[in-house]
Amino acid sequence: MRRRGTGTPDIHGVMAEFNTPHDVVEAAHRVHAQGYRKVDAYSPYPIEELSHALGFHHSPLPLLVLLGGIFGLVAVYGLQYWSAVIEYPMNIGGRPLHSWPAFVVPTFDGTILFASLTAVLGVLALNGLPEPYHPVFNVPTFALASRDKFFLCIEARDPKFDRDKTRDLLRALPGVVDVVEVEH
Amino acid sequence: MKGLQAPAALDGLQKGALGAGVAGLLLCALGFFTNAEQLYRSWLFGFLFWTGIAIGCLSITLIHNLTGGLWGLVIRRLLEAGARTLPWMAVLFLPVAFGLPHIYPWARADVVAADALVRMKTAYLNAPFFLARAVFYFGVWFLLSHMQSRWSDELDRGVNYLKTSRRLRGLGGAGLLLMGLTITFSAVDWAMSINPHWFSTVYGVLFMVGQALSAMAFIIVCVARFGGEDPLSRVLRKEQVHDLGKLMLAFVMLWAYISFTQFLIIWAGNLPEEIPFYIQRLQGGWQYLALGLVLFHFALPFAVLLSRDLKRNARTLAMVAALVLAIRVVDLYWLIAPDLAGHHGAGAPGLHPHWMDLAALLAVGGVWLTLFVRELRGRPLLPVGEPEIKELLEARAS
Amino acid sequence: MAEHAPSAKRIQSETDALIAPGHTLASITEKIASLALKRRTPLGWFVGFGISFLLLQALLYTLAVLLFKGVGVWGINVPVGWGFDIINLVWWIGIGHAGTLISAILLLLRQDWRTSINRFAEAMTLFAVACAVIFPVFHTGRPWLAAYWLFPYPNTMGLWPNFRSPLIWDVFAISTYGTVSALFWYVGLIPDMATLRDRAKSKAWKIVYGMAAMGWRGSARHWHNYESAYLLLAGLATPLVISVHTVVSLDFAAGVIPGWHATIFPPYFVAGAIYAGFAMVLTLSIPLRKAYGLEDFITMKHLENMAKVMLATGLIVAYGYTMEAFMAWYSGNPYEKFMMANRMGGPYAVFYWLLILCNVLAPNLLWIKNLRTNTTFLFLISLVVGVGMWLERFVIIPVSLHRDFLPSSWGSYAGTRYDWSAFLGTIGLFLTLFFLFIRFMPVISIFEMRTILPEGEGGEPKS
């Protein structure tokens with residue numbers, strides 16, 4: 001319960017709890033329609049409509065992975081060409097120095113390797129993981145977000161955020177079980 | 001159920017196809033009197049291409065019987081129509097049967113007398129056995145396409161759904177087994193034995209994949225053409241177009257995989273009995289076709305089909321499919337024409353396409369397309385007995 | 001829509017239950033998480049782990065002897081330079097393939113039934129790859145000296161690997177495969193690690209699972225990127241898994257030895273890998289579901305589908321044998337003909353015919369539905385296929401090598417006791433890792449199981 005300054009407690013946001021995926025999607029729609037943008041929802045499994053409702057755009061990950069793959073392709077083919085033709089030219093079995101049919105195979109693996117590494121590092125970076133501390137874990141019932149409960153959190157950094165009005169808005173949502181403040 | 005007949009636009013297509021077929025046949029007749037040997041060889045090329053589409057249709061139908069999925073129900077009648085042309089293709093096989101010595105060296109007594117290796121193979125490669133096998137292949141294909149359409153019709157009429165669909169699944173399993181063997185050995189007989197010295201164990205698989213790809217591309221072109229019209233438009237959604245696109249991508253990749261590994265193994269082995277196949281196809285102008293195959297049979301369609309949005313758009317997908325269909329022609333030509341010219345190995349003649357190659361492609365294609373449309377119009381365009389299709393039609397009606 | 005959508009859905013739900021009725025989000029979570037979190041370890045686990053761990057010691061002993069005396073302790077010599085070691089490499093790598101196939105290809109094909117078996121199938125992949133790499137690494141004799149010709153790094157001798165060699169392709173393919181499989185597995189585990197973190201009772205385990213979860217909180221933003229990453233990894237793993245066994249097949253096919261040099265090797269090795277891999281998944285999942293009461297999640301539908309995949313891939317493998325035999329004759333090449341005659345009637349012919357029995361004839365019993373849905377029979381047939389695929393590699397590798405072009409260089413081959421102890425030892429390693437996995441990790445993907453629940457039970461809203 002850290003407090004910043006001496007005035008009101010500086011909170012992360014206000015969080016509403018729901019029992020069904022349907023309710024949280026509906027809540028996300030309404031909150032988004034009210035103009036809130038710094039909103040996040042929490043669910044035990046991926047719900048495509050939830051990210052639509054919150055107005056998320058296409059993930060940039062596919063493009064990053066494509067670039068990672070192209071890098072791997074060029075790098076591994078380049079390595080083979082450079083080592084087999086320029087740096088260490090060697091007649092092996094009478095095959096040409098630039099044996100491109102053979103070079104295709106490691107190049108393929110390099111492409112997949114770099115694309116996969118980009119995908120994994122990319123998803124961690126985009127999600128800001130690893131993240132040792134996050135305020136939402138201060139909510140006592142939040143452990144159920146990984147079981148069978150659904151949560152919606154409007155964050156205090158949203159320009160429209162107002163402690164009382166936002167809380168009342170969430171309380172009025174259909175299917176809401178509980179609304180709590182999320183402390184830092 | 002009424003209103004499920006093929007759209008009227010097919011009339012025009014059928015007339016056009018018939019016209020092209022007649023024109024092609026006339027040209028072929030002209031060719032027969034000027035250079036009969038060339039005609040037989042060109043005819044084989046045209047025959048293999050269009051029969052390949054029909055065989056691919058049958059294979060995909062059987063695969064779908066096993067896997068299920070809405071994508072296949074939407075196109076089932078198109079696939080079945082393609083498969084139902086197969087008995088007629090037996091008639092178009094006759095010129096090949098009559099022209100055996102002009103096409104296949106093993107059918108010529110002088111070659112057999114001079115070549116010990118070919119003589120040894122005549123236990124398998126001899127005219128009566130060759131023809132008997134062809135009769136067997138067509139018999140199997142006729143039987144499979146016949147049983148498929150019969151049970152599919154029974155579903156339309158609402159005869160015992162569970163039992164009939166179980167039968168179709170069984171046909172899928174047993175049928176694919178037979179397809180694997182007939183496609184392989186017909187590929188060995190009709191295409192590989194043009195050069196009786198050369199062999200490759202994966203050749204049959206290459207044909208299976210190529211035929212499935214041709215059929216998929218052809219069906220996508222049809223879907224794009226008629227998907228916007230009744231009755232296909234009632235059930236066709238973006239998801240199904242997407243699925244067809246994914247399948248085409250899968251076949252493109254599979255084709256590239258089989259083609260490249262065959263090349264890599266033969267290149268790495270570099271054995272005198274195998275490598276002439278590629279030496280011949282990478283010189284004298286053929287190398288440009290090879291490069292074209294790499295670019296347009298793999299690289300371009302692969303790159304385009306990676307995009308989700310392009311796969312979901314029937315028009316762009318059909319453009320890719322049309323390209324694939326065109327390059328399938330080139331692939332088949334590159335595969336068989338160098339050997340058809342008669343000499344093998346280094347010093348073989350370069351790329352000299354003959355006008356009769358196109359004439360035969362036109363003749364067989366015109367006839368095939370006419371038959372395809374005829375089969376398509378004979379039955380409802382949608383398998384209305386399938387619950388998933390029924391549901392979509394009812395949801396649309398209400 | 002839901003009201004008048006009668007037949008299709010109903011027909012499906014009656015015959016194809018992927019999860020027993022009555023489950024909710026909470027019950028799935030608790031049931032699977034409790035397997036990893038519960039305090040008491042069943043006695044059976046200790047017995048199984050103990051036996052596996054003992055077998056593992058045999059591997060360590062063998063490798064110690066091998067490093068001390070040299071690879072000669074294995075039965076390999078001229079002309080059979082590849083024996084049990086390479087057979088086992090191919091066998092283990094092949095087994096691993098089913099895991100990637102289930103997790104990646106079936107995901108792309110939207111086959112929901114993969115969901116309850118993908119986690120431990122992926123784990124099986126990792127452990128199988130670990131077992132596989134032991135053989136080529138120790139086959140080099142002095143692995144620490146082999147590094148410079150296996151990996152491209154600037155070394156003081158100025159040497160570079162020979163990229164024209166299939167053996168170097170192997171290094172690239174298998175190391176990429178191991179890395180990508182591990183990444184795929186770990187990415188799949190992150191949300192479940194968070195679930196375990198939130199369920200764990202003891203502080204220590206909370207910290208362990210919490211570190212593995214890396215702060216995952218199931219936010220919509222997380223899931224949004226996560227779904228994208230998971231699909232991309234599946235799309236990348238699919239061609240990779242096919243390429244890996246292709247490269248393994250090229251170890252043989254790129255050479256000119258009769259019996260090795262065949263263009264059908266790549267697709268037929270891939271099919272054989274999937275075949276053996278599904279057999280192993282069945283071998284593991286049938287006892288697992290019984291021991292842990294997972295029949296609700298790994299239903300008969302799953303077992304039957306795996307049996308069907310086995311039947312299909314088995315038939316492809318049979319097609320490969322047919323083509324090899326036909327082309328050996330059709331080629332007219334005397335060496336090819338001799339190779340096939342030697343396989344079928346030479347000193348090791350019994351292995352060839354056993355292989356045909358195990359891999360071609362026996363699996364055709366799976367056409368019969370009653371057998372396909374009998375767990376005892378499935379368990380036995382999966383063992384038979386496992387043996388058959390091992391025999392296949394025996395027939396391909398030593399049997400092709402022991403009689404090649406020159407009769408003066410013919411020889412014979414038999415595995416020594418160190419060959420057997422190394423092979424059994426890797427089975428020990430594999431099972432040891434597997435027992436540790438089922439004790440401490442969620443054996444079924446919890447978050448993916450949640451997604452296949454019907455909507456009424458808290459599942460995803462279906463639009």
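Lettering of chains follows the sequences in order, A, B, ..., and the numbering in each one begins at 1.
Both the backbone and the side chain of Q262(B) come within less than 4.5 Å of a heavy atom of chain C. Neither the backbone nor the side chain of Y268(C) comes within contact range of chain B; no heavy atom of the residue lies under 4.5 Å from a heavy atom of that chain. Neither the backbone nor the side chain of V247(C) comes within less than 4.5 Å of any heavy atom in chain B. Heavy-atom distances place the side chain of Y257(B), and not its backbone, under 4.5 Å from chain C. I258(B) touches chain C through its side chain: at least one heavy atom from C-beta onward sits under 4.5 Å away, while N, CA, C and O do not. Looking at F260(B), neither its backbone nor its side chain comes within 4.5 Å of chain C, counting heavy atoms on both sides. The contact between D243(B) and chain C is made entirely by side chain atoms (from C-beta outward), counting heavy-atom distances below 4.5 Å. Heavy atoms of L125(B) lying under 4.5 Å from chain C belong exclusively to its side chain. With a 4.5 Å cut-off on non-hydrogen atoms, L264(B) touches chain C through its side chain but not through its backbone. Looking at Y319(C), only its side chain comes within 4.5 Å of chain B, counting heavy atoms on both sides. Looking at L177(B), only its side chain comes within 4.5 Å of chain C, counting heavy atoms on both sides. Neither the backbone nor the side chain of A250(B) comes within contact range of chain C; no heavy atoms are under 4.5 Å apart. Interface residue W367(C): only side-chain heavy atoms are found under 4.5 Å from chain B. Looking at S165(B), there are no atoms closer than 4.5 Å to chain C (heavy atoms on both sides), in backbone or side chain.
The aromatic rings of W334(B) and Y278(B) sit tilted relative to each other, their planes meeting at an angle between 30° and 60°.
Inspection of the W198(B) and D339(B) side chains reveals no N or O donor paired with an N or O acceptor under 3.5 Å. Residues T299(C) and H302(C) bring a donor and an acceptor atom of their side chains to less than 3.5 Å of each other. Judged purely by distance below 3.5 Å, without hydrogens or angles, the side chains of E336(C) and S331(C) never pair a donor atom with an acceptor atom.
Residues I257(C) and F252(C) form no side-chain contact, since every pair of their non-hydrogen atoms from C-beta on lies 4.5 Å or further apart. In this structure, I55(B) and F207(B) have side chains that are not in contact, with every pair of non-hydrogen atoms separated by 4.5 Å or more.
Cation-pi contact between R133(B) and Y137(B): absent, since separation from the ring centre below 6.0 Å together with deviation from the ring axis within 45° is not met.
Between chain B and the options S249(C), A318(C), G320(C), G332(C), the largest number of non-hydrogen pairs under 4.5 Å is found for G332(C). In terms of heavy-atom pairs under 4.5 angstrom with chain C, the leader among E386(B), K246(B), K121(B) is K121(B). Chain C forms more heavy-atom pairs under 4.5 Å with one residue of T261(B), V118(B), L66(B), T201(B) than with any other, namely T201(B).
Within the model, atoms CE of M327(C) and CD1 of I264(C) stand 8.5 Å from one another, a figure rounded to the nearest 0.5 Å.
No close placement of the W71(B) and H242(B) rings is indicated, their centers lying 6.0 Å or farther apart.
In F405(C), the CZ atom is crowded: over 12 heavy atoms of neighbouring residues, nucleotides or ligands sit closer than 6.0 Å. Heavy-atom contacts from other residues, nucleotides or ligands closer than 6.0 Å to OH of Y335(C) number 12 or fewer.
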